Amino acid sequence: AMEKSYVSMFLLLMVISCALAKDVGKKDSKDTAAKPKLPQTLSRGWGDQLIWTQTYEEALFRSKHSQKPLMIIHHLEDCPHSQALKKVFAEHKDIQKLAEKFILLNLVYETTDKNLAPDGQYVPRILFIDPSLTVRADITGRYSNRLYAYEPSDISLLYSNMQKALKLLKTEL
């Protein structure tokens with residue numbers, strides 16, 4: 001019986017290392033040589049240095065317990081608008097710095113929480129939730145037909161909305 005468990009352990013290790021190798025191969029190799037980074041798959045490119053939560057439930061829990069607001073980015077990998085916003089977001093030094101004050105979550109799928117789609121399930125859209133777990137429907141972008149959409153040119157508005165999400169926190173709690 002002893003040999004059998006060794007064999008199954010060995011097989012398990014094989015499977016794990018194949019899965020890891022597959023992930024590494026997927027990453028495009030440009031500019032990884034320049035600065036070595038920890039692999040951060042949860043960021044999906046929105047800010048590899050930032051700490052991202054894995055699930056909506058985890059994000060809510062962390063927001064409540066840390067008393068930090070939550071910022072949720074809905075996007076899709078193959079959506080050109082999402083891609084364009086992601087690039088500007090990731091390269092914006094001030095936004096990346098300010099983002100450290102938030103619990104962060106980016107999602108490529110919809111949750112069952114209807115509060116996260118106050119005016120529809122479009123991407124990209126960015127919503128803020130305060131630590132009392134209230135969706136800040138009042139923090140909007142500039143488009144009346146898609147209140148939580150941001151274009152790359154709206155990046156300074158997004159920055160000030162992030163500041164607003166943090167400011168409201170101090171006055172209300």
Side-chain angles (χ1 to χ4, degrees), residues 16-113 115-117 121-131 133 135-136 139-141 146-166 169:
I16 291 170
S17 54
C18 288
L20 289 173
K22 201 171 63 203
D23 272 1
V24 173
K26 265 201 312 243
K27 286 263 189 303
D28 53 342
S29 52
K30 67 172 197 295
D31 85 19
T32 42
K35 42 182 191 287
K37 274 184 203 157
L38 291 170
Q40 166 56 290
T41 49
L42 290 176
S43 79
R44 296 193 180 91
W46 288 88
D48 292 340
Q49 308 300 335
L50 296 166
I51 297 165
W52 296 84
T53 46
Q54 193 151 11
T55 64
Y56 180 45
E57 292 70 27
E58 181 198 348
L60 291 174
F61 179 84
R62 284 204 193 174
S63 174
K64 193 177 168 137
H65 288 271
S66 65
Q67 291 299 298
K68 283 176 164 183
L70 165 57
M71 178 170 169
I72 298 187
I73 304 170
H74 284 88
H75 65 110
L76 286 173
E77 296 291 353
D78 57 359
C79 157
H81 300 283
S82 297
Q83 291 288 10
L85 184 62
K86 178 199 294 195
K87 187 169 161 35
V88 179
F89 185 95
E91 289 169 5
H92 195 292
K93 300 262 189 300
D94 293 337
I95 278 191
Q96 290 289 311
K97 188 92 198 100
L98 198 58
E100 292 172 7
K101 298 188 159 80
F102 289 82
I103 302 299
L104 298 167
L105 177 66
N106 70 76
L107 293 174
V108 288
Y109 55 87
E110 293 291 338
T111 67
T112 52
D113 188 345
N115 296 309
L116 291 186
Q121 297 187 338
Y122 50 87
V123 295
R125 71 178 192 281
I126 299 179
L127 286 140
F128 297 95
I129 296 179
D130 68 28
L133 306 189
V135 174
R136 301 299 319 227
I139 302 181
T140 58
R146 292 185 167 196
L147 292 175
Y148 309 99
Y150 297 85
E151 295 280 321
S153 56
D154 305 326
I155 201 73
S156 56
L157 174 61
L158 177 57
Y159 181 70
S160 62
N161 277 350
M162 288 168 72
Q163 290 176 310
K164 193 190 282 185
L166 289 163
L169 205 66

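Computed from a predicted structure; not experimentally measured. Side chains included, hydrogens not; waters and symmetry mates left out as well; all remaining heavy atoms used.
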Applying side-chain contact (heavy atoms from CB on, under 4.5 Å) to Lys93 and Lys97, what does each step give before you reach the verdict? CA-CA 6 Å; Lys93 300 262 189 300; Lys97 188 92 198 100; over 6 Å; no

Quick one: does [X]'s side chain get under 4.5 Å of [Y]'s, heavy atoms only?
X: Lys68; Y: Ser63; result: no
X: Ile155; Y: Tyr150; result: no
X: Leu127; Y: Val135; result: yes
X: Thr53; Y: Thr55; result: no
X: Leu60; Y: Ile103; result: no
X: Tyr56; Y: Leu116; result: yes
X: Pro124; Y: His81; result: yes

What's the spacing between [X] [atom1] and [Y] [atom2] if we round to 0.5 Å?
X: Ile126; Y: Ile73; atom1: CD1; atom2: CD1; answer: 4.5 Å
X: Lys87; Y: Gln83; atom1: NZ; atom2: CD; answer: 10.5 Å
X: Leu166; Y: Asp130; atom1: CG; atom2: CG; answer: 11.5 Å
X: Leu85; Y: Leu158; atom1: CG; atom2: CG; answer: 7.0 Å
X: Arg136; Y: Lys164; atom1: CZ; atom2: NZ; answer: 9.0 Å
X: Asn115; Y: Leu133; atom1: CG; atom2: CG; answer: 10.5 Å

To check you understand the geometry: which heavy-atom pair defines the closest contact between [X] and [Y], and what is its length?
X: Gln54; Y: Tyr109; value: O-OH, 4.2 Å
X: Lys86; Y: Gly45; value: CG-O, 3.5 Å
X: Leu76; Y: Val108; value: CD2-O, 3.4 Å
X: Val123; Y: Arg146; value: O-NH1, 4.2 Å
X: Leu50; Y: Trp46; value: CD1-O, 4.5 Å
X: Leu70; Y: Ala59; value: CD1-CB, 3.6 Å

Taking everything shown except His92 itself, do over 12 heavy atoms lie less than 6.0 Å from its NE2? yes

Are Phe128 and Met162 close enough, and set up right, to give a side-chain contact (heavy atoms from CB on, under 4.5 Å), and what steps lead you there? CA-CA 8 Å; Phe128 297 95; Met162 288 168 72; 3.7 Å; yes

Are Arg125 and Glu110 close enough for a salt bridge, meaning some N to O gap below 4.0 Å?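 Counted as a salt bridge, because a side-chain N and a carboxylate O are separated by less than 4.0 Å.
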
Can you tell which of Leu107, Asn106, Leu104 makes a side-chain contact (heavy atoms from CB on, under 4.5 Å) with Ile72? Leu107

Pick from Gln96, Lys101, Glu100: which one makes a side-chain contact (heavy atoms from CB on, under 4.5 Å) with Leu98? Lys101

Determine whether the side chains of Tyr159 and Asp94 contain a donor N or O and an acceptor N or O closer than 3.5 Å.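 Judged by distance alone, the side chains do not pair up.
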
I'd like to know whether the aromatic ring centres of Tyr148 and Tyr122 sit less than 6.0 Å apart in this structure. no

